[in-house]
Amino acid sequence: AVNYTITEPSVREQDDEWEIQIEKLIIKDVLGEGAFGVVRRGCIITENENVEVAIKMLRDNPTQDELKQFYQEIDIMKSVPPHPHLVSLIGCITRANKWPLLVVEYCSKGDLQSYLRSAWDKLTNPSVFGRVEVPNTKYASNILYDLQAVCIEKNIPQPKDLISFARQIALGMEYLSSLKVIHRDLAARNVLVCENNAIKISDFGLSRDVYHNNVYCKTTGGKVPIRWLALESVTHQIYTTQSDVWSFGILLWEIVTLGSTPYPGVATEDLLLLLKGGYRMERPSNCSDEMYVLIQLERNEKGAFFSQIIYL
Ligand code: ADE
(Lines give C-alpha, C1' and ligand atoms only; values in the text may rest on other atoms or scores of the structure.)
Protein backbone atom coordinates (compact mmCIF):
# COMPACT_ATOMS: atom_id res chain seq x y z
CA ALA A 1 0.00 0.00 0.00
CA VAL A 2 0.91 3.61 -0.29
CA ASN A 3 2.97 5.32 2.37
CA TYR A 4 1.25 8.50 3.40
CA THR A 5 3.19 9.44 6.48
CA ILE A 6 3.24 13.18 6.92
CA THR A 7 6.48 14.84 7.84
CA GLU A 8 6.66 18.46 8.83
CA PRO A 9 8.93 20.65 6.66
CA SER A 10 11.60 20.95 9.33
CA VAL A 11 12.16 17.21 9.41
CA ARG A 12 11.67 16.46 5.73
CA GLU A 13 14.50 14.58 4.06
CA GLN A 14 17.13 16.91 2.74
CA ASP A 15 18.15 14.75 -0.19
CA ASP A 16 14.77 15.02 -1.80
CA GLU A 17 14.95 13.71 -5.34
CA TRP A 18 11.76 15.60 -6.19
CA GLU A 19 12.99 19.04 -5.12
CA ILE A 20 13.15 21.47 -8.07
CA GLN A 21 15.63 24.34 -8.13
CA ILE A 22 13.53 27.46 -7.87
CA GLU A 23 15.64 29.43 -10.39
CA LYS A 24 14.70 26.83 -13.04
CA LEU A 25 11.00 27.48 -12.59
CA ILE A 26 9.12 30.26 -14.36
CA ILE A 27 5.62 30.98 -13.07
CA LYS A 28 3.03 32.39 -15.49
CA ASP A 29 -0.73 33.00 -15.69
CA VAL A 30 -3.51 31.50 -13.56
CA LEU A 31 -5.10 28.29 -14.89
CA GLY A 32 -7.60 27.75 -12.14
CA GLU A 33 -8.54 28.63 -8.62
CA GLY A 34 -9.89 26.43 -5.88
CA ALA A 35 -10.75 26.67 -2.22
CA PHE A 36 -7.16 25.73 -1.33
CA GLY A 37 -5.29 28.12 -3.60
CA VAL A 38 -4.29 28.64 -7.20
CA VAL A 39 -2.95 26.62 -10.14
CA ARG A 40 -0.70 28.54 -12.51
CA ARG A 41 0.90 27.72 -15.82
CA GLY A 42 4.68 27.75 -15.91
CA CYS A 43 7.75 26.17 -17.35
CA ILE A 44 10.91 24.49 -16.20
CA ILE A 45 14.08 25.47 -17.97
CA THR A 46 16.31 22.55 -18.81
CA GLU A 47 19.45 22.42 -20.92
CA ASN A 48 17.66 21.34 -24.07
CA GLU A 49 14.13 22.64 -23.77
CA ASN A 50 11.56 24.39 -21.66
CA VAL A 51 8.98 22.01 -20.25
CA GLU A 52 5.47 23.37 -19.73
CA VAL A 53 4.11 22.62 -16.27
CA ALA A 54 1.22 23.44 -13.95
CA ILE A 55 2.10 24.80 -10.53
CA LYS A 56 -0.21 24.36 -7.60
CA MET A 57 0.22 26.76 -4.72
CA LEU A 58 -1.55 27.78 -1.54
CA ARG A 59 -2.95 31.22 -0.92
CA ASP A 60 -0.78 33.65 1.00
CA ASN A 61 -0.68 33.06 4.72
CA PRO A 62 -2.08 29.53 4.72
CA THR A 63 -3.20 28.04 8.01
CA GLN A 64 -1.18 25.28 9.67
CA ASP A 65 -3.88 22.86 8.65
CA GLU A 66 -3.74 23.92 4.99
CA LEU A 67 0.05 23.59 5.01
CA LYS A 68 -0.12 20.14 6.56
CA GLN A 69 -2.68 19.02 4.02
CA PHE A 70 -0.60 20.40 1.16
CA TYR A 71 2.52 18.54 2.31
CA GLN A 72 0.40 15.46 2.59
CA GLU A 73 -0.84 15.93 -0.98
CA ILE A 74 2.78 16.21 -2.15
CA ASP A 75 3.68 13.05 -0.23
CA ILE A 76 0.80 11.07 -1.70
CA MET A 77 1.75 12.17 -5.21
CA LYS A 78 5.35 11.11 -4.59
CA SER A 79 4.25 7.72 -3.34
CA VAL A 80 1.95 6.83 -6.26
CA PRO A 81 4.00 5.44 -9.15
CA PRO A 82 3.20 7.17 -12.46
CA HIS A 83 0.31 5.99 -14.60
CA PRO A 84 -0.75 7.21 -18.08
CA HIS A 85 -4.15 8.34 -16.74
CA LEU A 86 -3.03 10.11 -13.59
CA VAL A 87 -1.54 13.60 -13.63
CA SER A 88 2.20 13.08 -13.17
CA LEU A 89 4.21 14.73 -10.47
CA ILE A 90 7.15 16.66 -11.90
CA GLY A 91 8.51 17.87 -8.61
CA CYS A 92 8.04 20.29 -5.79
CA ILE A 93 9.62 23.20 -4.01
CA THR A 94 9.39 22.75 -0.28
CA ARG A 95 12.50 24.54 0.93
CA ALA A 96 13.59 27.42 -1.31
CA ASN A 97 10.29 29.28 -1.31
CA LYS A 98 8.33 30.79 1.53
CA TRP A 99 5.38 28.53 0.74
CA PRO A 100 5.51 25.07 -0.84
CA LEU A 101 4.85 24.61 -4.57
CA LEU A 102 3.64 21.44 -6.29
CA VAL A 103 4.67 21.06 -9.94
CA VAL A 104 2.73 18.66 -12.16
CA GLU A 105 2.45 17.97 -15.86
CA TYR A 106 0.55 20.53 -17.92
CA CYS A 107 -2.64 19.40 -19.69
CA SER A 108 -3.28 21.86 -22.50
CA LYS A 109 -7.05 21.41 -22.88
CA GLY A 110 -7.75 22.11 -19.22
CA ASP A 111 -10.36 20.45 -17.04
CA LEU A 112 -12.92 18.05 -18.48
CA GLN A 113 -15.95 19.96 -17.16
CA SER A 114 -15.01 23.16 -19.01
CA TYR A 115 -14.04 21.12 -22.05
CA LEU A 116 -17.44 19.36 -22.17
CA ARG A 117 -19.32 22.61 -21.58
CA SER A 118 -17.51 24.34 -24.40
CA ALA A 119 -18.40 21.38 -26.65
CA TRP A 120 -22.02 21.78 -25.55
CA ASP A 121 -21.92 25.48 -26.37
CA LYS A 122 -20.49 24.82 -29.82
CA LEU A 123 -23.01 22.04 -30.50
CA THR A 124 -26.06 24.06 -29.52
CA ASN A 125 -24.98 27.51 -30.60
CA PRO A 126 -26.99 29.51 -31.54
CA SER A 127 -29.43 28.09 -29.09
CA VAL A 128 -32.18 29.04 -26.70
CA PHE A 129 -32.04 25.73 -24.81
CA GLY A 130 -30.86 25.39 -21.25
CA ARG A 131 -28.00 23.08 -20.37
CA VAL A 132 -30.06 20.07 -19.44
CA GLU A 133 -30.30 17.90 -22.51
CA VAL A 134 -28.07 17.49 -25.48
CA PRO A 135 -29.84 17.41 -28.84
CA ASN A 136 -31.99 14.42 -29.46
CA THR A 137 -29.33 12.05 -30.68
CA LYS A 138 -27.99 8.78 -29.40
CA TYR A 139 -24.78 10.41 -28.35
CA ALA A 140 -23.29 7.55 -26.42
CA SER A 141 -24.15 4.57 -28.56
CA ASN A 142 -25.19 4.07 -32.19
CA ILE A 143 -23.23 6.85 -33.76
CA LEU A 144 -25.31 8.99 -36.03
CA TYR A 145 -23.15 9.84 -38.96
CA ASP A 146 -24.45 13.36 -39.31
CA LEU A 147 -23.60 13.95 -35.66
CA GLN A 148 -20.12 12.65 -36.31
CA ALA A 149 -19.75 15.09 -39.19
CA VAL A 150 -21.01 17.95 -37.03
CA CYS A 151 -18.49 17.05 -34.31
CA ILE A 152 -15.62 17.04 -36.77
CA GLU A 153 -16.74 20.30 -38.29
CA LYS A 154 -17.13 22.02 -34.92
CA ASN A 155 -13.97 20.46 -33.52
CA ILE A 156 -15.73 18.87 -30.57
CA PRO A 157 -15.43 15.33 -29.19
CA GLN A 158 -17.33 12.65 -31.09
CA PRO A 159 -19.35 10.02 -29.25
CA LYS A 160 -16.44 7.60 -29.54
CA ASP A 161 -14.18 10.20 -27.90
CA LEU A 162 -16.59 10.48 -24.97
CA ILE A 163 -16.50 6.71 -24.51
CA SER A 164 -12.73 6.89 -24.68
CA PHE A 165 -12.70 9.57 -21.93
CA ALA A 166 -14.82 7.31 -19.72
CA ARG A 167 -12.58 4.37 -20.41
CA GLN A 168 -9.38 6.28 -19.63
CA ILE A 169 -10.81 7.53 -16.34
CA ALA A 170 -11.80 3.95 -15.49
CA LEU A 171 -8.23 2.80 -16.19
CA GLY A 172 -6.81 5.48 -13.91
CA MET A 173 -9.32 4.70 -11.16
CA GLU A 174 -8.71 0.96 -11.46
CA TYR A 175 -5.03 1.68 -10.87
CA LEU A 176 -5.68 4.01 -7.92
CA SER A 177 -8.03 1.50 -6.32
CA SER A 178 -5.43 -1.26 -6.79
CA LEU A 179 -3.09 0.90 -4.69
CA LYS A 180 -5.88 1.34 -2.10
CA VAL A 181 -5.95 5.06 -2.77
CA ILE A 182 -9.40 6.57 -2.44
CA HIS A 183 -9.89 9.68 -4.54
CA ARG A 184 -12.89 11.15 -2.68
CA ASP A 185 -13.52 13.95 -5.17
CA LEU A 186 -13.83 12.27 -8.54
CA ALA A 187 -15.70 14.68 -10.84
CA ALA A 188 -15.23 16.17 -14.32
CA ARG A 189 -13.71 19.32 -12.76
CA ASN A 190 -10.90 17.12 -11.36
CA VAL A 191 -10.08 15.41 -14.62
CA LEU A 192 -7.75 17.05 -17.17
CA VAL A 193 -7.58 16.79 -20.94
CA CYS A 194 -4.28 16.77 -22.85
CA GLU A 195 -3.48 17.87 -26.38
CA ASN A 196 -3.96 14.36 -27.87
CA ASN A 197 -7.23 13.86 -25.90
CA ALA A 198 -5.41 11.78 -23.32
CA ILE A 199 -7.23 12.02 -20.01
CA LYS A 200 -5.51 12.46 -16.64
CA ILE A 201 -7.12 12.19 -13.22
CA SER A 202 -6.05 15.07 -11.03
CA ASP A 203 -6.14 15.90 -7.32
CA PHE A 204 -5.85 12.29 -6.20
CA GLY A 205 -3.25 13.52 -3.73
CA LEU A 206 -6.10 15.00 -1.77
CA SER A 207 -7.23 11.54 -0.74
CA ARG A 208 -6.30 12.04 2.85
CA ASP A 209 -6.76 8.55 4.18
CA VAL A 210 -5.31 5.42 2.75
CA TYR A 211 -6.08 2.24 4.59
CA HIS A 212 -4.73 -1.23 4.04
CA ASN A 213 -7.86 -3.12 3.22
CA ASN A 214 -10.02 -0.43 1.77
CA VAL A 215 -12.13 0.10 4.85
CA TYR A 216 -13.77 3.40 5.42
CA CYS A 217 -12.23 6.53 6.69
CA LYS A 218 -13.87 9.44 8.36
CA THR A 219 -13.11 13.09 8.05
CA THR A 220 -14.40 16.23 9.61
CA GLY A 221 -15.10 19.69 8.29
CA GLY A 222 -14.52 21.01 4.81
CA LYS A 223 -16.88 21.65 1.95
CA VAL A 224 -18.25 18.48 0.42
CA PRO A 225 -19.23 18.01 -3.23
CA ILE A 226 -22.62 16.61 -2.29
CA ARG A 227 -23.93 15.97 -5.83
CA TRP A 228 -21.00 13.62 -6.49
CA LEU A 229 -21.02 11.83 -3.16
CA ALA A 230 -22.30 8.39 -2.27
CA LEU A 231 -25.08 8.34 0.29
CA GLU A 232 -22.84 6.92 3.04
CA SER A 233 -20.25 9.63 2.39
CA VAL A 234 -22.87 12.31 3.01
CA THR A 235 -24.50 10.67 6.01
CA HIS A 236 -21.52 9.02 7.72
CA GLN A 237 -18.43 10.52 6.05
CA ILE A 238 -17.52 7.05 4.85
CA TYR A 239 -15.22 7.03 1.83
CA THR A 240 -14.18 3.83 0.08
CA THR A 241 -13.36 2.64 -3.42
CA GLN A 242 -17.09 1.87 -3.61
CA SER A 243 -17.96 5.50 -2.94
CA ASP A 244 -15.46 6.45 -5.69
CA VAL A 245 -17.50 4.13 -7.93
CA TRP A 246 -20.62 6.15 -7.14
CA SER A 247 -18.81 9.38 -8.06
CA PHE A 248 -17.62 7.70 -11.24
CA GLY A 249 -21.27 7.04 -12.17
CA ILE A 250 -22.00 10.74 -11.69
CA LEU A 251 -18.95 11.57 -13.80
CA LEU A 252 -20.25 9.31 -16.60
CA TRP A 253 -23.51 11.27 -16.41
CA GLU A 254 -21.52 14.52 -16.72
CA ILE A 255 -19.79 13.17 -19.82
CA VAL A 256 -23.03 11.97 -21.46
CA THR A 257 -24.74 15.33 -20.84
CA LEU A 258 -21.68 17.32 -21.95
CA GLY A 259 -21.09 18.92 -18.60
CA SER A 260 -24.50 19.41 -16.98
CA THR A 261 -24.61 19.77 -13.22
CA PRO A 262 -25.95 16.53 -11.67
CA TYR A 263 -29.54 16.41 -10.40
CA PRO A 264 -30.73 19.39 -12.48
CA GLY A 265 -33.68 21.09 -10.85
CA VAL A 266 -33.02 19.51 -7.45
CA ALA A 267 -32.02 21.89 -4.65
CA THR A 268 -28.95 20.81 -2.69
CA GLU A 269 -30.88 20.75 0.58
CA ASP A 270 -33.48 18.36 -0.90
CA LEU A 271 -31.00 15.93 -2.41
CA LEU A 272 -30.17 13.82 0.64
CA LEU A 273 -33.78 13.00 1.41
CA LEU A 274 -34.46 12.16 -2.23
CA LEU A 275 -31.45 9.82 -2.42
CA LYS A 276 -32.42 8.14 0.85
CA GLY A 277 -35.84 7.51 -0.65
CA GLY A 278 -34.19 5.68 -3.54
CA TYR A 279 -34.37 8.50 -6.10
CA ARG A 280 -31.70 8.41 -8.82
CA MET A 281 -31.17 10.50 -11.93
CA GLU A 282 -33.14 9.37 -14.95
CA ARG A 283 -31.56 8.35 -18.21
CA PRO A 284 -30.53 11.41 -20.25
CA SER A 285 -32.35 11.31 -23.59
CA ASN A 286 -29.16 10.76 -25.56
CA CYS A 287 -27.79 8.08 -23.24
CA SER A 288 -27.66 4.47 -24.41
CA ASP A 289 -29.17 1.75 -22.24
CA GLU A 290 -25.73 0.18 -21.83
CA MET A 291 -24.24 3.43 -20.56
CA TYR A 292 -27.22 4.04 -18.27
CA VAL A 293 -26.69 0.63 -16.66
CA LEU A 294 -23.12 1.70 -15.82
CA ILE A 295 -24.22 5.08 -14.49
CA GLN A 296 -26.64 3.30 -12.18
CA LEU A 297 -24.08 0.87 -10.75
CA GLU A 298 -23.32 2.36 -7.39
CA ARG A 299 -20.80 0.04 -5.92
CA ASN A 300 -19.05 -3.21 -6.54
CA GLU A 301 -17.74 -5.51 -3.86
CA LYS A 302 -14.50 -6.31 -5.60
CA GLY A 303 -13.79 -2.89 -6.99
CA ALA A 304 -14.12 -4.56 -10.37
CA PHE A 305 -16.50 -1.95 -11.65
CA PHE A 306 -13.87 0.22 -13.23
CA SER A 307 -12.66 -2.62 -15.42
CA GLN A 308 -16.20 -3.21 -16.70
CA ILE A 309 -16.10 -0.02 -18.66
CA ILE A 310 -12.53 -0.62 -19.74
CA TYR A 311 -13.93 -3.32 -22.04
CA LEU A 312 -16.91 -1.32 -23.22
N1 ADE B 1 -5.68 23.20 -14.27
C2 ADE B 1 -5.41 22.59 -13.11
N3 ADE B 1 -4.40 21.76 -13.24
C4 ADE B 1 -3.98 21.83 -14.53
C5 ADE B 1 -2.98 21.17 -15.29
N6 ADE B 1 -2.17 20.27 -14.73
N7 ADE B 1 -2.88 21.46 -16.60
C8 ADE B 1 -3.70 22.35 -17.14
N9 ADE B 1 -4.68 22.99 -16.49
C10 ADE B 1 -4.81 22.73 -15.19
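All ligand and atom numbering here is 1-based and tracks the order in the structure. Hydrogens, waters and symmetry mates play no part in the numbers below; they use all other heavy atoms, side chains included. Numbers for residues simply follow the sequence, beginning at 1.
Among residues at least two apart or in separate chains, salt bridge (Lys or Arg N to Asp or Glu O under 4.0 Å) pairs with a member in residues 257-281 are Arg280-Glu298.
A salt bridge links Lys56 with Glu73: at least one charged nitrogen is closer than 4.0 Å to a carboxylate oxygen.
When the shell of 6.0 Å around CD1 of Ile152 is examined, it contains more than 12 heavy atoms from other residues, nucleotides or ligands.
Under a 4.5 Å side-chain heavy-atom criterion applied to ILVMFWY residues, the cluster that includes Ile45 comprises Ile26 as well.
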Would you be so kind as to tabulate the donor-acceptor pairs closer than 3.5 Å made by side chains of residues 97-106, with sequence neighbours excluded?
from: Asn97; atom 1: ND2; to: Trp99; atom 2: O; distance (Å): 2.9
from: Glu105; atom 1: OE1; to: Lys200; atom 2: NZ; distance (Å): 3.4
from: Glu105; atom 1: OE2; to: Ser88; atom 2: N; distance (Å): 2.7
from: Glu105; atom 1: OE2; to: Ser88; atom 2: OG; distance (Å): 3.1

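Residue-level contacts of ligand 1 at the 4.0 Å heavy-atom threshold are Leu31, Val39, Ala54, Val104, Glu105, Tyr106, Cys107, Leu192.
Geometric assessment of Arg227 against the ring of Tyr263 yields a negative cation-pi assignment under the 6.0 Å and 45° thresholds.
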